Structures are given as C-alpha cells and as structure tokens.
Chemist: 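Have a look at the structure that comes next, please.
Because only heavy atoms are used, hydrogens play no part in the values below, and waters and symmetry mates are left out as well, while side chains stay in. All figures in this text were calculated on a predicted structure; none of them were measured in a lab. Protein chains get the first letters and strands the later ones, always in sequence-line order, with residue 1 at the start of each.
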Amino acid sequence: MSQPADERGAARRVLDVDVEGTWGDFQLQAALQVTGGVTLLVGPSGAGKSTLLQVVAGTRGGAVGRITFDGRPWLTNDAMVPAWQRRAPLVHQVPMLWPHQRVGAQLRYGGDWQLDRIASLMQIDGLLERWPASLSGGEARRVAIARALASKPSVLLLDEPLTGLEPRLAAQVAELILDAQRALELVVLWATHAPDRIAGDHRVALMQEGRVHGVGTRQALLAAGTTRAGAQTLGLPNRFHAVVVERALDARTVQVSVGDASLQVASPSWDAPVGSWHYLLVSPDALVLAAGAEPTQLSVRNRLAGRVTSLLACGDAWRIVVDVGGIAWVAEITTAAVDDLKLKVGADVWVCVKARAFRWARAPQRADSPEPTGSRDG
Amino acid sequence: MTDVVLLSLWVALLAVACTLPLALMLGWWLARSRSSLRAPVDLFVHLPLVVPPVVTGFVLLTLFGPRGPLGGLGLGFSTAGAAVAAGVVAFPLLVRPIRQAFESQPAGFRAAAMSLGARPWRVFWTVELPLARRGIAAGAFMAFGRALGEFGATITFVGSIAGETETLPLALHVALAQPGGEAAAWAFAAASVALAIFALIAHHALMRGHR
C-alpha cells in the first residue's frame with residue numbers, strides 16, 4: 001500500500017510511543033509510531049484513547065516507558081518533559097476556551113504561527129472580537145483547533161473533536177482539519193470511534209482494552225483478516241463473508257450469498273469468479289430501513305427481511321441492529337426515522353441497500369494481501 | 001466615632017491585604033495538590049474558625065508579644081498587631097472561596113494553556129488567576145467583614161488602646177463599661193452592623209455571579 005502523499009513534507013517528524021501505566025483499574029500498555037500525516041486512533045469507548053493522548057500531551061502523569069519526538073525524548077524512565085516543552089496540544093469535544101479572553105487573544109496565546117492562514121482555513125476570521133460564550137458549538141471547536149494550530153504544534157492531538165456536532169457540521173469541521181493538516185504539513189494523532197466519518201485512507205491504529213493492536217491503513221487492516229470485532233472497531237460493523245453465486249452478463253454486477261440472503265452487488269475491481277469468497281463492507285448509513293409490507297416500488301436492488309434485535313444511540317443518530325437470517329446488519333438512521341418507523345426490539349423491518357453501496361475486501365488468506373505492521377486482534 | 005470607624009476599616013483592610021498573597025498560594029495549592037499534606041494543612045488553615053479567638057490571641061501574644069520569641073517585630077499593642085490578629089482570625093474565610101474558585105476551574109483550562117507552551121507561572125497569571133477573580137473578591141469581602149468584627153484575639157493580643165488598637169467592637173465594649181456610655185455603644189453597634197451588611201452583600205453578589 002502506498003504512503004499518503006502528504007507524508008513527504010513531515011517525513012522526519014516521528015512520534016515514537018512505548019508506554020504503560022495503571023490508573024485505578026485501567027491499564028494502558030501502548031506502543032505505536034506516528035509519522036507525518038494523519039493517524040487515526042480507533043477503538044471503542046474505554047479503550048484508552050483519551051488516556052494515551054493525555055500521556056502523549058504530557059498532561060497526565062503516572063506513565064512509564066519512552067516517548068520520543070523527532071529524536072528528542074519526551075518521556076524516559078527517569079524524566080518527564082513537561083507539556084509546555086512538548087507543544088502537543090490536545091483538542092477534545094469540550095473546546096476548553098477560557099471564558100475571560102476574546103477569540104483573538106486566545107488564538108495568539110501559544111504563538112501566532114501562520115495565524116492569518118489558520119484563521120481563514122478554520123473560517124473564523126470574523127470571530128476574533130467575540131467572547132467564547134457567544135460562539136456556537138461548531139465555532140468554538142474551530143477556534144479551539146485554530147488556537148492549537150497557531151502555537152505551531154509539534155503534534156496535534158485530537159480526541160473525538162467532532163462528537164456532539166450535528167452530522168453535517170461535523171463533516172465540515174473534519175474537512176477543515178484535513179485541509180489544515182495538508183496545508184501546514186502537520187503530524188496529527190486523531191482519536192475517533194467513527195473513522196468512517198473521516199475521509200481518506202489514513203493510517204489507523206486500532207486500540208482495545210488499553211492496547212494498540214495494529215497499525216496500518218484501514219484497507220490494509222481490513223484486508224489482513226482483522227476479525228469482526230476489529231472491523232466494528234474500524235467503524236465498519238457490516239462486514240460480511242460473501243460467496244459469488246452468479247455473474248451478470250455485462251460483468252457490472254454479481255450475485256452473492258451472505259448467509260441465507262442473496263444480494264446483487266456491483267462487481268469488484270478484481271476478478272471474482274463464481275464460488276470465490278470475499279468480504280463485503282457496507283457503511284451503516286448506506287442502509288435504508290422500511291417498516292410494513294415489502295417496499296417493491298424502490299430503485300434499490302436489495303431488500304432483505306429482518307427483525308430488530310437492538311437499538312443503540314450513537315451520537316446524534318441511532319444504530320439499529322437487524323437480524324437477517326442469523327446475520328447482524330447494522331443501520332444508522334436518525335432519531336426522527338426511528339420514531340417514524342416506530343422501531344423497537346422485535347419489530348419486523350426491511351433492510352434496503354443499493355448494489356453500489358458495497359465495498360469489497362479480499363479474503364485474508366490470499367497471498368497478495370498487504371501485511372499490516374501489527375498483530376491481528378481477537 | 002469617625003476615628004474608630006476609620007481605624008477599624010484600616011485594620012480590616014490591612015488584615016485582608018497582607019494575608020491575601022498567602023491565601024492565594026494556599027488556596028491554589030489546596031485546590032491543585034494531591035499531596036498527603038493537603039488534609040493536615042487544610043485542617044490547620046481552618047483552625048481559627050473554630051478555636052476561641054481568645055486562644056488565637058493568646059498564641060499570638062506568646063509568639064509576638066514583647067517577651068515572645070518574635071517580639072522584636074514590634075507588633076505588640078500596635079495597629080499592625082491588631083491587623084495581624086484580625087488577619088489570622090479571618091484567614092479561613094479568605095482561603096475558602098479562593099480555593100473553591102480554583103477548584104471549579106476545569107482541569108482542561110490549565111492543560112490547554114500548558115500544551116500551548118505556557119509555563120505554570122504564566123498559566124497562573126493569565127488563566128487561573130483571572131478566572132478566579134470573583135472568588136478572590138468574594139473571599140476578600142467575607143474576610144473583611146470578619147476582620148471588622150474581630151474582638152477576642154485583638155483584645156488579648158494588643159489590648160484596647162484608643163487610636164491604636166481600639167476598633168469598633170472594642171470601643172463598644174469600652175463604652176458599655178462606662179456609666180452613660182449606652183448612646184455611644186448604640187452608635188458603634190449600628191456602624192458595625194451597617195459595615196457587616198455591606199461586606200456580606202458584596203460577598204453574596206460575587207459568589208452568585210461566580211457560577
């Protein structure tokens with residue numbers, strides 16, 4: 001797998017982390033290497049993402065081990081370089097803007113590196129005279145990120161910076177962060193539980209129960225036979241083992257079986273003969289749910305009958321787990337849709353999905369699959 | 001009468017002003033420290049609140065009195081001594097709101113400032129102290145009010161010397177002991193209550209605005 005193009009400018013800036021520590025009954029034992037570009041730190045809540053980020057930032061003591069950045073030690077067994085010398089600001093969902101300073105003054109607090117450019121990248125030029133209390137949630141996030149950027153951070157640490165934002169706004173802020181990363185050649189370590197909402201094939205570090213389980217691009221980790229739990233961690237709960245049953249004459253679609261269900265799916269970029277096994281991935285928000293009689297008047301090619309087994313709140317949306325012939329499909333829909341369909345556990349629903357909504361991943365045992373740098377989990 | 005009120009205000013002001021830096025340091029430390037010394041220090045700071053003021057005055061007299069080990073400071077039977085007595089007694093009321101003001105600041109405020117390259121001293125001056133200013137002012141008014149009313153420690157430590165150490169409560173006490181002093185006593189009492197109400201209102205207004 002090729003390295004992301006934006007890595008060249010920051011090639012020498014490497015963050016090397018190998019730490020462990022115990023806080024209460026939580027144990028962290030994490031090793032990972034972060035180079036230029038964006039690295040996503042992915043894992044369920046409680047996996048230790050926030051703790052690891054605080055240890056890297058230098059705002060949480062009690063860890064032992066070694067952290068180096070660009071060859072300089074940040075943490076050794078007998079010394080801890082304080083946070084103000086590391087300059088690795090951590091931005092999380094609470095923007096932590098000081099209420100007694102105007103936006104402009106806060107932006108300059110850590111320095112004024114590329115300040116005009118950062119202000120325009122984050123689209124906060126017009127907010128400099130405002131007090132933090134008068135900002136909207138999205139504005140406050142952008143100011144917090146800009147404040148961190150203007151200090152010329154060695155590493156920018158993001159801890160779920162989009163949580164709680166309305167989905168469209170979250171996507172916009174994510175894009176602004178990625179733009180800033182490219183424009184300023186930053187090293188970014190970004191913890192998230194929903195990596196499918198961040199565009200681009202970034203490096204991913206999988207985290208579970210205080211350990212880092214593997215580092216690679218998302219595609220590489222998936223293709224390398226990451227287990228179902230790992231796929232869920234990657235924000236892709238719908239990952240199915242599928243066998244090709246029939247190929248259409250025009251070769252644009254294939255008929256596959258997932259459990260008992262038969263699906264029409266757009267063909268993969270590689271040759272998929274009848275009888276070959278593959279992984280099929282589909283994003284939870286690509287699934288449409290319908291209640292009542294079978295919705296035949298739809299452009300969607302696949303309609304699967306199922307039954308709701310659980311409803312999970314997921315940020316501003318709901319994740320609905322639907323049992324389709326013994327296999328769990330996860331759909332992400334809005335609260336309003338949950339109400340409209342009167343969804344509850346045990347309800348019969350139709351899962352509708354377009355043939356083009358699926359992504360393919362090669363089966364793990366194939367010789368040409370790329371190697372991830374870490375071990376597989378599960 | 002005016003002399004007594006002015007002297008009282010001066011003693012209370014001195015008491016608060018001189019103890020404020022120490023109260024800031026202690027309040028910050030009590031809010032932030034995870035040292036095992038925190039609990040005993042906290043207890044010690046609160047002592048003057050519950051120990052009879054006469055005992056506090058007696059301790060001060062023993063330490064700073066003319067024959068005490070620190071008698072050379074010349075605090076005994078002076079205005080400065082009255083301020084020390086009032087300052088010590090009012091100290092817990094000064095530290096408490098300051099400590100609460102620091103405690104109520106999210107840890108992330110400080111962490112954010114440090115990660116932006118600010119050393120602890122700069123973080124204190126530019127972030128923590130300005131954000132605590134209401135709590136500091138509230139504590140100052142409360143302590144000021146208490147200092148105005150200080151009696152037991154003052155009379156034990158520095159006595160009641162007109163124009164030097166005779167603050168409102170002491171003057172009231174003296175007036176009551178004199179035949180026909182009731183009118184003066186009433187005047188002193190009224191002045192005390194008025195000043196106390198002012199200090200309390202200021203304290204509550206600042207504490208309310210604090211949230």
Chemist: So which part of A:Gln54 gets closer than 4.5 Å to some heavy atom of chain B, the side chain, the backbone, both or neither?
Modeler: neither
Chemist: For the residue pair A:Arg130 / A:Ser134, report whether a side-chain donor-acceptor contact shorter than 3.5 Å exists.
Modeler: yes
Chemist: Could you name the residues of residues 49-58 of chain B that have a heavy atom within less than 4.5 Å of a heavy atom in chain A?
Modeler: none
Chemist: Can you run down the salt bridge (Lys or Arg N to Asp or Glu O under 4.0 Å) pairs that involve residues 97-118 of chain B, sequence neighbours left out, and say none if there aren't any?
Modeler: B:Asp42-B:Arg99, B:Arg99-B:Glu103, B:Arg110-B:Glu128
Chemist: Among B:Ala111, B:Pro106, B:Ala113, which residue has the highest count of heavy-atom pairs closer than 4.5 Å to chain A?
Modeler: B:Ala113
Chemist: Look at the aromatic rings of A:Trp98 and A:His100 and report parallel, tilted or perpendicular, splitting at 30° and 60°.
Modeler: tilted
Chemist: Hey, which of A:Gln27, A:Glu20, A:Gln29 is the one that makes side-chain hydrogen bond (donor to acceptor under 3.5 Å, both in side chains) with A:Arg211?
Modeler: A:Gln29
Chemist: Side chain, backbone, both or neither: which part of B:Arg133 has a heavy atom under 4.5 Å from chain A?
Modeler: side chain
Chemist: Any donor-acceptor pair under 3.5 Å linking the side-chain atoms of A:Gln172 with those of A:Arg142?
Modeler: no
Chemist: Counting heavy-atom pairs closer than 4.5 Å to chain B, which one of A:Pro153, A:Pro99, A:Pro82, A:Gly58 comes out on top?
Modeler: A:Pro99
Chemist: Can you check whether B:Ala112's main-chain N or O pairs, donor with acceptor, with A:Arg147's side chain at less than 3.5 Å?
Modeler: no
Chemist: Please determine if A:Arg60 forms a cation-pi arrangement with A:Trp23, meaning its NZ or CZ atom is less than 6.0 Å from the six-membered ring centre and no more than 45° off the ring axis.
Modeler: yes
Chemist: Measure A:Leu157 against the heavy atoms of chain B and call it side chain, backbone, both or neither at under 4.5 Å.
Modeler: neither
Chemist: For A:Arg13, run the side-chain contact (heavy atoms from CB on, under 4.5 Å) check against A:Asp70, A:Val34, A:Thr35 and tell me which one passes.
Modeler: A:Asp70
Chemist: Can you tell which part of A:Arg87 gets under 4.5 Å to a heavy atom of chain B, answering side chain, backbone, both or neither?
Modeler: both
Chemist: Just do the side chain to side chain contact (heavy atoms under 4.5 Å, CB included) check on A:Leu115 and A:Arg108 with the steps written out, would you?
Modeler: CA-CA 8 Å; A:Leu115 192 60; A:Arg108 276 183 203 87; 3.7 Å; yes
